[in-house]
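Heads up: the structure comes next, in structure tokens.
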Amino acid sequence: MTEARRPAGPNGTAPARPAPGTPCWVSLMAHGTAATQDFYQELFGWEFRPGSGRLGPYVRALLAGREVAGIGHMPPDQELPVAWTPYFACEDADATAETVRHCGGTVGVGPLDAGADGRMAVAVDPMGAVFGIWQPTVHGGAEPAEGPGTPVWNELLTYESTGVTKFYRNVFGYEDGEEAEAAEARDPAADVEGTAGPADAADPVDRVVMRRRGRPVATVRGMGQALPRDRGAHWVTFFRVADVDAAAARVTALGGQVLEPPHEGPHGRTATVTDPEGALFALLRRPR
């Protein structure tokens, strides 16, 4: 079982409280945590320190002393996909979980307390994509890290955007979505966390930006019949790297796979890869 936590400051200072509806953490459940740590340490330069262990074996990944992600141990009796799961902040995990159920989703874990850090739940949207809910109880502190190895964006790949966007809007209070192309046309030079995300020029029209108080927080990409049947609807986390081609080659050398080779998009160079256990994620380099 996983735990979520907002990235902390380099000197152990209390983290800033994330705004409701914003992505605040990303966590991976793996079978071989030692080998998984080695992979991401070699790829991103992450260092690790133990988590609370209240919800099972868990480590927190750090860049320059700042927590950027978590890796937990998959219980041997659970045959679940190995995947990165984004967590979205909320003010009341129990109320948010109830809204998930009311809007057609399911809650697979929790809500439950994650030590003194906060309260969490793991849910599934109506199309089958897994995501986390995080109610923080810690206030103040440093901003997340910004260097290579930092998660910078999340995108939902699903069958179609309309119904599932309405679900997330009802759960997290997002404003009405707009097609990503419109957002990009207004502000093509904005950073990943301020635009529609790392869209590819060949993306279909069915792509929507989800916003919270005017700020883009994630995108939803409807893929229709092109949605991979072996994965179904799923979230993809983008990690910043200095060189996408070199990072993709490093993934292969470390035992992972490149599913979508490096290519240029309007928001930078990107590639879609998996780690040795099959957890999918994306690499992204912003244009200078």
Side-chain angles (χ1 to χ4, degrees), residues 2-13 15-16 18 22-30 32-51 58-72 82-87 132 141-155 191-194 197-198 217-218 235-262 265 267-288:
T2 185
E3 63 180 41
R5 188 178 179 181
R6 182 68 169 173
N11 299 317
T13 54
T22 59
C24 59
W25 190 246
V26 62
S27 192
L28 171 66
M29 299 297 288
T33 52
T36 298
Q37 290 177 56
D38 290 343
F39 172 85
Y40 288 100
Q41 183 177 43
E42 291 291 333
L43 180 62
F44 292 141
W46 286 353
E47 297 178 337
F48 299 93
R49 66 181 175 203
Y58 195 83
V59 295
R60 293 168 182 157
L62 292 83
L63 276 175
R66 299 172 185 260
E67 296 177 1
V68 295
I71 298 175
V82 176
W84 282 101
T85 300
Y87 280 74
E143 293 292 328
E146 297 180 353
T150 303
V152 292
W153 191 254
N154 291 284
E155 180 172 77
D191 189 45
V192 173
E193 294 176 298
V217 295
W235 282 93
V236 179
T237 297
F238 287 75
F239 293 89
R240 179 178 283 124
V241 295
D243 186 326
V244 172
D245 294 73
R250 188 64 173 154
V251 165
T252 302
L254 293 170
Q257 293 185 339
V258 176
L259 301 185
E260 187 175 1
H267 295 281
R269 193 163 180 81
T270 186
T272 303
V273 300
T274 66
D275 69 18
E277 288 199 16
L280 183 147
F281 59 100
L283 308 168
L284 177 70
R285 182 183 182 276
R286 297 290 297 147
R288 294 184 183 276

Which residues share a salt bridge (Lys or Arg N to Asp or Glu O under 4.0 Å) with Glu42, sequence neighbours left out: Arg250
Set of residues satisfying salt bridge (Lys or Arg N to Asp or Glu O under 4.0 Å) with respect to Asp38, sequence neighbours excluded: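 Partners of Asp38 under the salt bridge (Lys or Arg N to Asp or Glu O under 4.0 Å) test: none.
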Backbone N/O of Asn154 and side chain of Trp235: donor-acceptor pair under 3.5 Å: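 It does not hold such a pair.
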Sequence neighbours excluded, which residues qualify as side-chain hydrogen bond (donor to acceptor under 3.5 Å, both in side chains) partners of [X]?
X      : answer
Thr33  : none
Asp243 : none
Thr274 : none

List the atom of [X], the atom of [Y], and the distance in Å for their closest heavy-atom pair.
X      : Y      : answer
Thr237 : Pro151 : CG2-CB, 3.8 Å
Ala271 : Pro261 : CB-C, 4.1 Å
Trp25  : Gly70  : CZ2-N, 3.4 Å
Ala247 : Val241 : CB-CG1, 4.1 Å
Gly149 : Leu63  : C-CD1, 3.5 Å
Val26  : Val68  : CG1-O, 3.9 Å

Return the [atom1] to [atom2] distance between [X] and [Y], rounded to the nearest 0.5 Å.
X      : Y      : atom1 : atom2 : answer
Arg286 : Phe238 : CZ    : CZ    : 11.5 Å
Arg240 : Leu283 : CZ    : CG    : 12.5 Å
Arg285 : Asp245 : CZ    : CG    : 10.0 Å
Thr270 : Glu260 : OG1   : CD    : 7.0 Å
Gln41  : Leu62  : CD    : CG    : 11.5 Å
Phe239 : Leu284 : CZ    : CG    : 11.5 Å

Within-4.5 Å side-chain heavy-atom neighbours: Pro276 and Leu254: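 No. Closest side-chain heavy atoms not under 4.5 Å.
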Pairing residues for Ala279 by the side chain to side chain contact (heavy atoms under 4.5 Å, CB included) criterion, not counting sequence neighbours: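 Testing Ala279 for side chain to side chain contact (heavy atoms under 4.5 Å, CB included), a comparison that skips the adjacent residues, returns Leu28, Tyr40, Val82, Trp84, Asp275.
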Should the pair Trp46 and Phe44 be assigned to parallel (<30°), tilted (30 to 60°) or perpendicular (>60°) ring geometry? tilted
Among Tyr58, Phe48, Phe39, find the one that has a side chain to side chain contact (heavy atoms under 4.5 Å, CB included) with Ile71.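 That would be Phe48; it is the only one of Tyr58, Phe48, Phe39 passing the side chain to side chain contact (heavy atoms under 4.5 Å, CB included) with Ile71.
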